[in-house]
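Letters go in sequence order (proteins before strands), and every chain restarts at 1.
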Amino acid sequence: MKTSTYLLLFLAVVLLAAMPLLLTPDAPFEGADGMAEEIILEINPEFEPWREPFWEPPSGEIESMLFALQAAAGSLFIGYYLGRLSARRGERGNKAKIPAGIAH
Amino acid sequence: MSNFPYKRQVLKGSIFSGGAFLLVLLSPRAAGAMHIMEGFLPWGWSLFWAAVSFPFVFLGYRSLSRLLITNPNYKMLLGLAAAFVFVVSALKMPSVTGSCSHPTGVGLGTILFGPLVISLISTIVLLFQSLLLAHGGITTLGANVFSMGIAGPLAAFAIFMLGRKLSLPRWLNVSLTAFMANMVTYLVTSLQLALAFPMESGGWAASFLKFAGIFAVTQIPLALSEAILTVIVFNFLYSYNHQELSTLLNWPKEVQAQ
């Protein structure tokens with residue numbers, strides 16, 4: 001894939017995420033699991049969750065920090081690995097031609 | 001013994017997964033996990049899904065240790081598949097239904113390592129999210145592992161194999177696989193909730209439609225995003241790590257040439 005194709009694909013992901021915000025600006029955008037909770041209580045008003053989470057992040061800020069950490073740790077590894085791959089190919093130079101099919 | 005150096009690694013893996021399983025098994029409310037909130041499945045269902053998921057995760061663990069013993073080089077690639085699940089499952093994205101959800105990221109790992117290995121990876125991610133993020137839960141772990149780590153990947157793997165048989169273009173096959181992994185995960189989540197909470201009129205089918213209306217519809221644009229992200233990473237791997245990838249996937253010549 002050409003670099004421009006990669007960029008276009010990334011742009012598509014950004015647009016997919018931005019579209020709902022533009023289309024339904026007044027929506028609450030709460031978690032889908034929370035909405036399921038409402039339906040459960042609608043179907044069975046007496047149901048009570050019989051178990052609380054062991055530990056809950058004390059605030060939304062801390063929760064988003066943990067989520068950011070999770071994403072950052074994953075991205076770090078992906079970047080490291082993909083960087084290593086591309087460096088490996090760079091070192092080999094043109095000696096090892098990549099098989100046909102990558103210019104996809 | 002030539003593979004002796006990896007014994008320690010396998011041992012460490014065993015202790016970790018053993019601990020995870022024990023936690024699931026011994027916790028009196030042992031069960032499901034990810035998108036179903038803690039405590040929101042009746043305990044019978046919790047146990048049921050834990051029992052259904054356990055053999056898959058166990059087989060996943062076995063096939064993973066076997067893979068690493070014969071091919072320790074795949075460790076990095078395996079890390080990549082796990083890291084991908086970590087990243088995208090932390091991305092809560094807005095959707096057209098006016099609510100938010102997140103992709104699963106299991107499609108990539110399913111393509112690379114098959115559905116069994118990914119069930120173990122999913123279990124680890126789900127455990128992390130339920131313990132540290134109050135997202136999913138220990139009592140719902142079995143159910144969530146089943147939807148995200150077993151049903152989604154199995155369906156995705158079937159699609160991937162079918163796509164290979166039909167010689168679909170690689171990018172299309174990879175996107176379809178990732179899309180399916182995501183959609184099936186949430187359809188199964190809806191089904192699990194529907195079975196546990198059937199409606200008075202219409203039973204579980206009516207309630208399935210209701211839950212799927214939330215989970216599955218919300219998930220469509222996210223599944224598209226996931227498909228695109230998976231293609232990006234997969235194509236990068238394909239360009240830069242061609243050899244390892246075609247050995248791993250046992251890719252036929254015609255597909256390679258596409």
Side-chain angles (χ1 to χ4, degrees), chain A residues 1 5-6 9-10 12-13 16-21 23-24 26-37 39-40 42-44 47-57 63 66-78 81-82 84-86 88-89 98-102 104, chain B residues 29 35-40 43 76 79-80 83-87 89-101 128 130-134 137-139 170-171 193 197-199 207 210-211 214-215 218-219 221 224-225 228-229 231-233 235-242 256-258:
Chain A
M1 270 194 333
T5 321
Y6 280 112
L9 286 176
F10 270 119
V13 174
L16 272 171
M19 188 183 59
L21 298 176
L23 288 181
T24 51
D26 300 326
F29 290 113
E30 50 179 332
D33 48 358
M35 288 171 76
E37 195 172 327
I39 297 194
I40 290 176
E42 207 176 288
I43 294 176
N44 184 353
F47 183 81
E48 262 179 53
W50 50 280
R51 187 87 177 67
E52 294 287 310
F54 279 115
W55 179 80
E56 259 180 282
E63 185 181 348
L66 288 169
F67 269 108
L69 216 57
Q70 183 187 336
S75 314
L76 189 73
F77 186 88
I78 295 179
Y81 180 60
L82 295 185
R84 234 173 62 142
L85 286 182
S86 81
R88 192 173 70 185
R89 186 162 84 170
I98 310 304
I102 46 165
H104 195 50
Chain B
R29 311 99 179 169
H35 304 99
I36 304 183
M37 302 74 64
E38 183 77 289
F40 264 87
W43 66 271
M76 289 298 281
L80 178 87
F84 189 70
V85 176
F86 253 76
V87 175
S89 61
L91 298 177
K92 299 199 206 173
M93 299 160 87
S95 175
V96 281
T97 49
S99 60
C100 286
S101 185
F128 170 81
S130 60
L131 290 179
L132 285 182
L133 297 165
I138 294 299
T139 61
R170 199 181 58 238
W171 67 268
L193 284 172
F197 297 98
M199 283 192 180
S207 138
K210 193 128 198 202
F211 285 116
I214 291 184
F215 279 122
T218 301
Q219 214 57 32
L224 276 177
S225 301
I228 296 174
L229 290 174
V231 168
I232 290 175
V233 174
N235 273 5
F236 194 94
L237 284 178
Y238 195 80
S239 310
Y240 286 89
N241 198 7
H242 189 81
Q256 282 181 30
Q258 265 173 21

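Not counting sequence neighbours, the partners of Ala71(A) by the side-chain contact (heavy atoms from CB on, under 4.5 Å) test are Ala90(B). Residues that satisfy the side-chain contact (heavy atoms from CB on, under 4.5 Å) test with Leu224(B), not counting sequence neighbours, are Leu16(A), Phe179(B).
For Lys210(B), the parts lying near chain A are the backbone and the side chain together; criterion is any non-hydrogen pair under 4.5 Å. Both the backbone and the side chain of Ile78(A) come within less than 4.5 Å of a heavy atom in chain B. Only the side chain of Phe128(B) comes within contact range of chain A, with heavy atoms under 4.5 Å apart.
Heavy-atom pairs under 4.5 Å with chain B peak, among Ser86(A), Ala27(A), Pro20(A), at Pro20(A). When each of Thr24(A), Ile39(A), Leu9(A), Leu66(A) is scored by its heavy-atom pairs under 4.5 Å with chain B, the top score falls to Ile39(A). Considering only heavy-atom pairs separated by less than 4.5 Å from chain A, the leading option among Thr218(B), Val85(B), Val96(B) is Val96(B). Ranked by non-hydrogen atom pairs under 4.5 Å with chain A, the options Cys100(B), Ala83(B), Ser101(B), Ala134(B) are led by Cys100(B). Taking chain A as the reference chain and counting heavy-atom pairs below 4.5 Å, the highest number among Thr97(B), Leu80(B), Ile228(B) is found for Leu80(B). By number of non-hydrogen pairs under 4.5 angstrom with chain A, the leading residue of Leu133(B), Val233(B), Ile214(B) is Leu133(B).
Here the side chains of Leu229(B) and Phe10(A) are in contact, with some heavy-atom distance below 4.5 Å. Ile40(A) has its side chain within reach of Phe211(B): a pair of non-hydrogen atoms, C-beta onward, lies under 4.5 Å apart. Within the 4.5 Å cutoff, the side chain of Gln70(A) has heavy atoms near those of the Ser89(B) side chain. Considering only heavy atoms from C-beta on, Asn241(B) comes within 4.5 Å of Arg88(A) through its side chain. A heavy-atom distance below 4.5 Å is not found between the side chains of Leu91(B) and Phe67(A).
Atoms CG and CG, on Leu237(B) and Leu82(A) in that order, are 6.0 Å from each other to the nearest 0.5 Å. Taking OG1 of Thr5(A) as the start and CH2 of Trp171(B) as the end, the distance is 12.0 Å to the nearest 0.5 Å. In this structure, Glu42(A) CD and Ser207(B) OG are separated by 10.5 Å, a value rounded to the nearest 0.5 Å. Rounding to the nearest 0.5 Å gives a distance of 11.0 Å between CG of Leu193(B) and CD of Glu37(A).
Closest approach of Tyr81(A) and Met76(B) over heavy atoms only: CE1-CB, 3.4 Å. Heavy atoms only, all atoms of each residue included: Leu132(B) and Pro57(A) are closest at O-CG, 3.7 Å. The minimum heavy-atom distance linking Val13(A) with Met93(B) is given by the pair CG1-CE, 4.3 Å. Between Pro49(A) and Glu38(B) the shortest heavy-atom distance is CB-O, 4.1 Å. Summarising the geometry of Phe77(A) relative to Gly79(B), their closest heavy-atom pair is CE2-C, 3.2 Å, with the distance given to 0.1 Å.
Aromatic ring pairs are classed by plane angle as parallel below 30°, tilted from 30° to 60° and perpendicular above 60°; the pair Phe40(B) and Phe47(A) is tilted.
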